[in-house]
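Everything quoted here is computed from the prediction, not taken from an experiment. Positions are given from 1, in the same order as the sequence printed here.
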Amino acid sequence: MNLLNDLNDKQAEAVEIIDRPLLILAGAGSGKTRVITYKISYLIENGVAPYNILALTFTNKAANEMKERAVKLNINAQNVWIGTFHSLCVRILRKEIDKLGYKNNFNITDAKDNLNLIKNCLKELNLDEKFFLPKNIAAQISFNKNKMVGADEFFIKTHDDFRLNKVAEIYKLYQEKLKIGNLLDFDDLLFFTAKIFMDYDDVLKFYKNKFKYILVDEYQDTNAVQYFLIKLLAGESENICVVGDDDQSIYSWRGADINNILDFEKDFQNAKIIKLEQNYRSNQIILDAANGVIKNNLGRKSKNLWTEQKDGEKIIFYRASDYKLEAKFLAEEILNNKEKFDLKNCAVLYRNNFLSRVIEDEFVKKNIAYRLIGATRFYDRMEIKDLIAYLKFINNPDDEISLLRIINTPRRGIGGKSLEKVMSFASQEKISLWEALKIFADNNKNFGCFVELINLFLDYKEKYSIYDLMQKIIFEIGYKEYLEKQEEYVSRIENIEEFLAKIIEFERGQESKKSLTEFLEQISLLSETDNYDKDENAVNLMTLHGSKGLEFDCVFIFGADDDIFPSNFKSDIELEEERRLFYVGITRAKKKLFISCADARLKNGQIINSKPSRFIDEIPSELIDFESDRKKIVYADFNKKKSDFSFGVGKNFYDEKKNIDRNIKLNYCVGDKVRNFKLGICVVKEILFLADKNDYKVKVELLDGSEKILMASLVKFIKC
């Protein structure tokens, strides 16, 4: 079989080059994954050992797809290291992390764990959360780690700035607590690997010799640490191939540096550049629109997408008088096109999450099934996080975060003051909370019972499979009986059964026993879109950022107002990233594209007047059919009282209630604080409409951090 016969000329050329640095500029839908997988097979066929090849991407979903496609081409590709940057670093750190004073059974924290740990640090340092917002502190710590700036270095750099120096204190204490707990956050995975490579030449030499050929997907999304790791591993041989699209660089806010791809030839002097411009996804009208928009960016490498699919319908741009009529138009068009496009092949994309609320309202009224992509992950549900916390603590008893979650779940009569005393002792002695608990256990019955229980589980860990261990934990702690006293008992039990099925799936068919560490590592590295089920027949609602890497027959870009998309920006560089995001949205569409805006929109409790996004003017006008509801709004009336302001069909703009029927009305949305007589004050985390039950499933977070899922028809909440 001649691999190159399956490729177009440019793809084949890219596959054949193996002896020099190569940048493949792959436009949207141009077959970049195809090129990478064929290149892996081509390298193996030309005598490169599979274990000498490293292929990196950014999500588990993409890595799994790459592996499956590569193995279909060449069975030996199963021995190639294919994975995400984070999974590569975890694999290395399991062997090498003792050099930094950690144990190799470290646990990986998630974003919520990190926030809780930062809150503990603030409390210990007597700093007010109102002035040092935990989310902002977490972002600053992450930013520094991605720039390879450690806590001590940051502390020295900020000595003359009072506030930043306080942030540096928090960073130092946060890092100390992670180390005591034998914990790594996501940024540590990359940062620590880079640190080991810098400090230990023998380790770097080993991996440079191992990975003789390096392939990197989505290179435009690499940050400073990822770039540094790649440069180190490529070494003097520079047998590196990167694939990416500078026009789809949309993640600067999380550290991605577009200059990594723009400056590739400067970093690798002997580099070759190949452009993949033939698109296999969209029709030419959609591509011409995308080309027309993106050419306005100055900071890019020029390319022009084209396709053999010359036919196609014009883009529909709809300008509504107000945001509710915009949502109504969207819903009606989905219904009008349901004969051509299944719901699962339709996507509604928006710049900000708040825009989804009015869309959901309209979909409920029209009984259109939908799903929110990027909502709460399965592994973030209360009962699943509880069980994972038990497994994480048994895997690593130094893990204070997991210990604090399980110590009173279910309740064991351990008082807050008693626990604070133990925590204070642990902090003073610089020992783990578990070690401190064992010291206090002799004089405290409740502590003693808990320590005895955990020791039993530690013994079970050595004797049983992960599935049997989990079953025994659930039984010994009486977890199902504990859940019986809570709302949504049945669905919570179903979630536990699903979790047990996941464990079976993990353990099944393995030639050797898979460790608990490996299982926890796998679920820790999952991203929001890894569990995306493309077969569920419902319209997909997601942010434009969340849509990257996906494609749909029919796409709606909703809320294309100039003050929303582009969002408020401060520089030409930021405007160019907004334009790239618009380009990403356009190129998700295969057959049909709608773009809409509203002349009046509710923002922050006020009606504001808007104008269409400036990006609309950048699409060649001959590609667009312009439509409008032709209803006028008297903007002079905006100063009237809210209750007096009405429009078109006579409904009040401020009637923000969700109506399914006359019996169920919601006057709150995701993110709102609400109050319930029994539960107290809660925050709404998720709202899901169940068309078959004509009801809402509402997920709320209580003040103690626990979560509940309730049916709206059964529980009354009042917006605070």
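Remark: N353 engages no residue in a side chain to side chain donor-acceptor pair (under 3.5 Å) (not counting sequence neighbours). By the salt bridge (Lys or Arg N to Asp or Glu O under 4.0 Å) test, E332 is found to be paired with no residue, residues two or more places apart in sequence or in another chain being considered. With sequence neighbours excluded, the residues forming a side chain to side chain donor-acceptor pair (under 3.5 Å) with Q284 are D288, listed by chain and number. Looking at residues two or more places apart in sequence or on another chain, you find a salt bridge (Lys or Arg N to Asp or Glu O under 4.0 Å) between K590 and E551, D553. With sequence neighbours excluded, the residues satisfying salt bridge (Lys or Arg N to Asp or Glu O under 4.0 Å) with D562 are R614. In this structure, the side chain to side chain contact (heavy atoms under 4.5 Å, CB included) partners of A538, at least two apart in sequence or on a different chain, are A369, R371, E536. K385 pairs by the side chain to side chain contact (heavy atoms under 4.5 Å, CB included) definition with D110, D113, D380, R405, not counting sequence neighbours. Residues forming a side chain to side chain donor-acceptor pair (under 3.5 Å) with E65 (at least two apart in sequence, or on another chain): R69. Residues that satisfy the side chain to side chain contact (heavy atoms under 4.5 Å, CB included) test with S567, not counting sequence neighbours, are R351, E578. Partners of K480 by salt bridge (Lys or Arg N to Asp or Glu O under 4.0 Å), not counting sequence neighbours, listed by chain and number: E497. Residues passing the side chain to side chain donor-acceptor pair (under 3.5 Å) test with Y479 are D386, sequence neighbours excluded. In this structure, the side chain to side chain contact (heavy atoms under 4.5 Å, CB included) partners of A589, at least two apart in sequence or on a different chain, are I286, V555, L593.
In this structure, CG in N283 is found 13.5 Å from CD in E308, a value given to the nearest 0.5 Å. With rounding to the nearest 0.5 Å, the separation of CG in N304 from CD in Q278 is 13.0 Å. Between the CG atom of L349 and the OG1 atom of T543 there is a distance of 8.5 Å, given to the nearest 0.5 Å. Distance check: Q522 CD to N60 CG gives 7.5 Å after rounding to the nearest 0.5 Å.
At least one donor-acceptor pair closer than 3.5 Å links the side chain of E577 to the backbone N or O of S252. Using modelled atom types, no side-chain atom of D342 and backbone atom of K344 make a donor-acceptor pair closer than 3.5 Å. Looking at S547, its side chain does come within 3.5 Å of a backbone N or O of L544 through a donor-acceptor pair. Remark: side-chain polar atoms of T587 are paired, donor with acceptor, to backbone N or O of Y583 under 3.5 angstrom. For N279 (side chain) and S282 (main-chain N/O), a donor-acceptor pair under 3.5 Å exists by modelled atom type. For the pair R319 (side chain) and S596 (backbone), a donor-acceptor distance under 3.5 Å is absent. Checking side-chain atoms of Y251 against main-chain N and O of H545 turns up a donor-acceptor pair under 3.5 Å. At least one donor-acceptor pair closer than 3.5 Å links the side chain of N291 to the backbone N or O of L287. Of the possible polar contacts, none joining the S249 side chain to the D246 backbone as a donor-acceptor pair under 3.5 Å is found.
Salt-bridge formation is not detected for the pair E129/K135: no Lys NZ or Arg NE/NH1/NH2 atom is positioned less than 4.0 Å from an Asp or Glu carboxylate oxygen. Using a 4.0 Å cut-off between charged side-chain N and carboxylate O, R357 and E360 make no salt bridge. With respect to the salt-bridge test (charged N to carboxylate O, under 4.0 angstrom), the residues K548 and E218 qualify. A salt bridge is absent between K324 and E362: the closest approach of a Lys/Arg side-chain nitrogen to an acidic carboxylate oxygen does not fall below 4.0 angstrom. We find that K32 and D217 are joined by a salt bridge, their nearest charged nitrogen and carboxylate oxygen being less than 4.0 Å apart.
Between A289 and I619, the closest heavy-atom pair is CB-CG2, 3.8 Å. Closest approach of D561 and C597 over heavy atoms only: OD1-CB, 3.1 Å. Taking each heavy atom of F552 and A347 in turn, the nearest pair found is CD1-CB, 3.4 Å. Between V293 and R579, the shortest heavy-atom contact is O-CD, 3.2 Å. Taking each heavy atom of F626 and S621 in turn, the nearest pair found is CE1-O, 4.3 Å. When all heavy atoms of L355 and Y350 are compared, the pair lying nearest together is CD1-CB, 3.8 Å.
Relative orientation of the H86 and F186 rings is tilted, given thresholds of 30° and 60° on the angle between their planes. Ring geometry, F565 versus F615: the interplanar angle exceeds 60°, so the pair is classed perpendicular (tilted spans 30 to 60°).
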Go through R601 and E326 one step at a time and tell me if the salt bridge (charged side-chain N to carboxylate O under 4.0 Å, His left out) criterion holds.
CA-CA 10 Å; R601 193 176 299 281; E326 182 189 14; 2.7 Å; yes
One pair to check against side chain to side chain contact (heavy atoms under 4.5 Å, CB included): K592 and F341. What are the steps and the verdict?
CA-CA 10 Å; K592 185 71 177 175; F341 309 120; 3.9 Å; yes
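A 6.0 Å sphere centred on NZ of K310 holds more than 12 heavy atoms belonging to other residues, nucleotides or ligands. A 6.0 Å sphere centred on NZ of K502 holds more than 12 heavy atoms belonging to other residues, nucleotides or ligands. By the neighbour-count criterion of 12 heavy atoms within 6.0 Å, atom CD1 of I573 is sparsely surrounded, having that number or fewer from other residues, nucleotides or ligands. The neighbour count for K340 NZ, taken as heavy atoms of other residues, nucleotides or ligands under 6.0 Å away, is above 12. In this structure, K338 places its NZ atom where only 12 or fewer heavy-atom neighbours from other residues, nucleotides or ligands lie under 6.0 Å away.
A 4.5 Å side-chain heavy-atom check between N64 and T59 finds every atom pair outside the cut-off. Side chains of K708 and K699 form no contact here, defined as non-hydrogen atoms less than 4.5 Å apart. Counting heavy atoms from C-beta outward, S356 and L372 have side chains that approach closer than 4.5 Å. Using a 4.5 Å heavy-atom cutoff, the side chains of F363 and L330 are in contact. Proximity of I523 to I388: side-chain heavy atoms (C-beta onward) are separated by under 4.5 Å at one or more points. Put simply, the side chain of V715 does not reach to within 4.5 Å of the side chain of V698, judged on heavy atoms. Taking 4.5 Å as the limit, every side-chain heavy atom of N609 sits out of range of all side-chain heavy atoms of D599. Counting heavy atoms from C-beta on, the side chains of L483 and I496 come closer than 4.5 Å.
In summary, the side chains of E484 and Y482 do not present any donor paired with an acceptor at a separation below 3.5 Å, with no hydrogens or angles considered. At a cut-off of 3.5 Å, with distance as the only test, a side-chain donor of N114 or T109 sits close to an acceptor on the other residue. Counted by atom type alone, Q309 and K591 present zero donor-acceptor pairs between their side chains at under 3.5 Å.
Cation-pi contact between R492 and Y489: absent, since separation from the ring centre below 6.0 Å together with deviation from the ring axis within 45° is not met.
In summary, the aromatic rings of Y318 and F329 are positioned with their centroids under 6.0 Å apart.
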